[in-house]
Structure formats: C-alpha cells, structure tokens
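To start, the structure under review is shown below, and the notes come after it.
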Amino acid sequence: LQQIRYVAEIARHGTISKAAQELYITQPHLSSVLKELENELGITIFSRARKGVVLTEDGMLLRRRAQEIV
C-alpha cells in the first residue's frame, strides 16, 4: 500500500521531487521505490520528461485499481 500511496502522490504533484517533499522522503529513494515497483509489475507507470512525469496508460490503470482497493 505504501508504494501505491507513492504513485498517487507522484501523479498528484506531477514531479517526483515535489512528491518526495510531501512524503518527507528523499527524491532518490522515491525514484528507487518507483523503479522497483515498475520492475516488479513489468510496466512503466510514468513517462518521464524534463518538466515532470505523466501517467502512462498502464499507470492510469494501476491508479484506478489502487483507488478501488484503497
């Protein structure tokens, strides 16, 4: 559930660094957790760009399913 919370915060803020600040964790740690989750699920959750991140189709599906669970 913690990883799902992280994904939700990243999606809400649009950047990993802003989400990390809100979660009171470091940006490298949050990036690492996100990469581990993506590897575990075999999907890319966010498209990364210079100005932030955007949910991929798989990411949107994950977020919807997570909302149902939570």
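This is a predicted model, so every value here is computed, not measured.
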Exercise for the section: Indicate if F46 and V54 have the same hydrophobic cluster label, given that clusters are the connected sets of ILVMFWY residues with side-chain heavy-atom separations under 4.5 angstrom. Expected result: no
Handout entry: side-chain hydrogen bond (donor to acceptor under 3.5 Å, both in side chains) against Q21, all qualifying residues, sequence neighbours excluded
Key = none
Problem - Under the side-chain hydrogen bond (donor to acceptor under 3.5 Å, both in side chains) test, residues paired with Q2 that sit two or more places apart - result: Y6
Fill in the blank from the handout: Taken in chain and number order and not counting sequence neighbours, the residues that satisfy side chain to side chain contact (heavy atoms under 4.5 Å, CB included) with E22 are E9, R12, H13
Problem - By side chain to side chain contact (heavy atoms under 4.5 Å, CB included) - contacts of S32 (at least two apart) - result: E36
Completion exercise
Note: I16 and L30 closest approach over all heavy atoms is O-CD2, 3.5 Å
Handout entry: L34 side, atom CG; H29 side, atom NE2 - distance, nearest 0.5 Å
Key = 11.5 Å
Practice task
Show the numbers, then the answer: is there a side-chain contact (heavy atoms from CB on, under 4.5 Å) between V53 and T15?
Solution key: CA-CA 6 Å; V53 295; T15 69; 5.7 Å; no
Completion exercise
The complete set of side chain to side chain donor-acceptor pair (under 3.5 Å) pairs with one or both residues in residues 47-62, sequence neighbours excluded, reads E38-R48
Exercise for the section: Output the rest of the hydrophobic cluster of L61: all Ile, Leu, Val, Met, Phe, Trp and Tyr residues reachable through side-chain heavy-atom contacts under 4.5 Å, sorted by chain and number. Expected result: none
Exercise for the section: Go through the steps for I10 and L55 under the test side-chain contact (heavy atoms from CB on, under 4.5 Å), then give the verdict. Expected result: CA-CA 9 Å; I10 295 168; L55 283 166; over 6 Å; no
